[in-house]
Each structure stands twice: as C-alpha cells, then as structure tokens.
Amino acid sequence: MAKINGIYSALLVPFDASGKVIEKGLRQVVRHNLDVCQVDGLYVNGSSGETFMLSTEEKKLIFEIVKDEVQDQATLIAQVGSINLHEAIELGEFATTLNYDCLSAVTPFYYKFDFAEIKYYYDSIIAATGKDMFVYSIPSFTGVNLSRSQFEQLFQNEKIIGVKFTSGDFYLLERIKRNFPGKLLFSGFDEMLLSAAVMGIDGAIGSTFNVNGKRAKEILASVRQGNLQNALAVQHETNDLIEEILALGIYQTLKGILKVKGIDAGVCREPMKRFDQNRRDEVKRLVDRFSL
Ligand code: NGF
C-alpha cells in the first residue's frame, strides 16, 4: 500500500446549474491539485465534495473519474461513509475494485447512534471490503464526539489505520498521538495545521488545499524541519486567506478561486447557495494578493 503521509486535498466537485457533476471540470480540479498545488493525495467524496447531498450513482461516478485522472500519481482515500450502512458498504466495495489506497467513513450521524452501533458500522464496512479504514471524526458536523477510550476500542480493529481528526481538541489529538503511535493521525482544520503539526501528525486533509496546497506543504515541512518561525509566518498568511474565504462562503469561494484560474469549478449543489457573482472582483483580489 502507498505511504499515507502529507497534505491531502478534500476534493471539491464541480456541479452544473442542474446539479450534475461536470466531468471535465472535475478532471481540471484534480489536475490543479496535483500539478499546481502539488498535494500528496486526495480525499474523495468528503464534506468538501458535498457528498452527503449526492446519490450513490453520483458518488460512484466521482470515484471513477478521479481514479481515471489520477491513476497512480497520488494517494487516494475514498470517503464512503453514510448513515445508510448498505450504501457505505456498496461504495466501499466499489472504491476497492477501483484500487483506491484506503477507505474512510464519517461517523454515522443524525440519529444518536450509541458507541456499539458506531463500532458495528466500521467493523461491517471493513469486513465487507477487507480494506484499510480511516475514521472520519468531525464532531461539529456530526455531533459525535469520540472519546479516547472509544478510539482505543475502534483501533482494536487493525484495519482501522488512523483517524481524520477535524476538531480543535488538541488535548485529545495529543492523547491519540501518544497512546496509539502505530495509527495515522491526520488533522482536518487547515487554519490549525501548524498546531497539529507540532503534535506530530502524519498529515492533513483540508478543503483550502485545493487552492493553497503549497502553503500547507510548507507549513508541514517547516515544522518537521524545526523551522517554527517560517511555519508560523506561512500559517499567518494562510489564515489571512482562510478568514477571507470563510467570510465569503467556504466551498463557493474555493470554486470561485478555481474559476478565476480558468477551471470549470461549477457551482455548489442545492440547497447550498451559489457563489454571488457580484463578489467576483473580491475573489480576483484574493487570487492576486495570495498568489494563488
Ligand atoms: O469544511 C470543513 C467543515 N472542514 C474542512 C475539512 O476538514 C473537510 C476544512 O478543510 C474535509 O476534510 C472534507 O471535505 O471531508 C475547513 O474547510 C477549513 O479548515 C476551513 O475552516 O468543517
């Protein structure tokens, strides 16, 4: 299996006005990530891919297009999680046949699943696919706050190779790093990359890396080289950018930036808002100011 380490874009997916995946645009977004942002891998069908608003067939189509475009040029993680366990298994089997490097699944959400149910969900996807798995923990969206002891119980399944940790709970991050050194730890908040890198993460998965992957790579590399001063300078710059992006709307603005770069990044899937075209000049200014 490929080494899973470094900066991974949580891949954005372009949709046309009717909500259909734009294949050509998706291939362009992938190429931009690999050729311009130079990320180490892609996290496909995650939150940034708007996956929880898509049909099973659309998710499969995205897995296919991305694999076809990437081939073996980068590591690919397939996010297959769904509160429909049957769908998660079907997607896991599909990504396995496409030779994705490993799977990831968001903790099941909406219903208040208890921990036994959450563990059953992961064990079932793994049993059906035989594939390595990252837990996708994003409490702010799912309401599921896994404790250290619950991570320990999940990690007893040796096919659970790590966690994508989208949380600002740095104490828990440190405890996971300390107690489960054999598991991979990927952070999920781009604006906190430096702090997570200091804790010894193996990598990070984020939406803004689709446009700002080079800075993320520099932050991680600088921390690993012990050059905290440079890491902090680049994190400051990065956070100036992220602050502007969040104020304008995260996925809409990231797509707006890609459009300024000549990529057919489409629009967001309804009911998410479209990008406000009146703000196109603000986005252009961001592209110039941050040399995106
Ligand atoms: O978009 C969110 C919502 N988080 C992403 C990332 O954790 C999502 C993060 O990059 C992800 O990995 C996925 O698409 O599955 C933020 O957009 C970024 O830090 C700006 O706040 O929390």
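Read the numbers this way: they start at 1 and go in the same order the structure lists the ligands and their atoms. Residue numbers count from 1 along this sequence. All figures in this text were calculated on a predicted structure; none of them were measured in a lab.
Close approach to Phe189 involves these atoms of ligand 1, each under 4.0 Å from a residue heavy atom: 19 (O), 22 (O). Counting the atoms of ligand 1 from 1 in the order shown, those under 4.0 Å from a heavy atom of Ala10 are 11 (C), 12 (O), 13 (C), 14 (O). Heavy-atom contacts of Asp190 reach the following atoms of ligand 1: 9 (C), 10 (O), 18 (C), 19 (O) (cutoff under 4.0 Å). Short contacts between ligand 1 and Gly46, defined as distances under 4.0 Å to a heavy atom of the residue, involve ligand atoms 14 (O), 15 (O). Listed by atom number, the atoms of ligand 1 under 4.0 Å from Gly206 heavy atoms are 10 (O). When each atom of ligand 1 is checked for a heavy atom of Tyr43 under 4.0 Å away, the hits are 15 (O).
The aromatic rings of Phe180 and Phe155 stand perpendicular to each other, their planes meeting at an angle above 60°, with 30° marking the opposite boundary.
Closest protein heavy atom to atom 16 (C) of ligand 1: Ser207 OG, 3.6 Å. Among protein heavy atoms, atom 3 (C) of ligand 1 sits closest to Phe141 CZ, 3.3 Å. Ranking protein heavy atoms by distance to atom 18 (C) of ligand 1, first place goes to Glu191 OE1, 3.4 Å. The nearest protein atom to atom 2 (C) of ligand 1, hydrogens excluded, is given as Tyr251 OH, 3.7 Å; this is a heavy-atom distance. Among all protein heavy atoms, the one lying closest to atom 8 (C) of ligand 1 is Tyr136 OH, 3.7 Å. Of the protein's heavy atoms, Lys164 NZ, 2.5 Å lies nearest to atom 12 (O) of ligand 1.
Using a 4.5 Å heavy-atom threshold, the side chains of Val30 and Ile65 count as separate. Taking the side chain as every heavy atom from C-beta outward, Val267 and Asp16 never approach each other to under 4.5 Å.
Centroid-to-centroid, the aromatic rings of Tyr43 and Tyr8 stay 6.0 Å apart or farther. Aromatic pair Phe52/Phe109: centroids less than 6.0 angstrom apart. The aromatic ring centres of Tyr121 and Phe113 sit 6.0 Å or more apart.
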Exercise. Do Thr238 and Gln235 pass the side chain to side chain donor-acceptor pair (under 3.5 Å) test, and can you show the C-alpha distance, the side-chain angles, and the key distance before you say yes or no?
Worked result: CA-CA 5 Å; Thr238 292; Gln235 186 74 69; 5.0 Å; no
For this session: Given side chain to side chain contact (heavy atoms under 4.5 Å, CB included), test Leu76 with Leu98 step by step and report yes or no.
Result: CA-CA 10 Å; Leu76 290 178; Leu98 290 176; over 6 Å; no
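Using a 4.0 Å cut-off between heavy atoms, Ile205 contacts ligand 1 through both its backbone and its side chain. Contact annotation: for Ile245 versus ligand 1, there are no heavy atoms closer than 4.0 Å.
Note: the hydrophobic cluster containing Ile126 also contains Ile83 (ILVMFWY, side chain heavy atoms under 4.5 Å, direct or indirect links).
Using a 4.0 Å cut-off between a side-chain N of Lys or Arg and a carboxylate O of Asp or Glu, Glu69 and Arg27 qualify as a salt bridge.
With Gly81, Ser104, Ser48, Gly188 as candidates, the residue nearest to atom 6 (C) of ligand 1 on a non-hydrogen basis is Gly188.
Within the structure, ligand 1 has Ile138 among the residues with a heavy atom less than 4.0 angstrom away.
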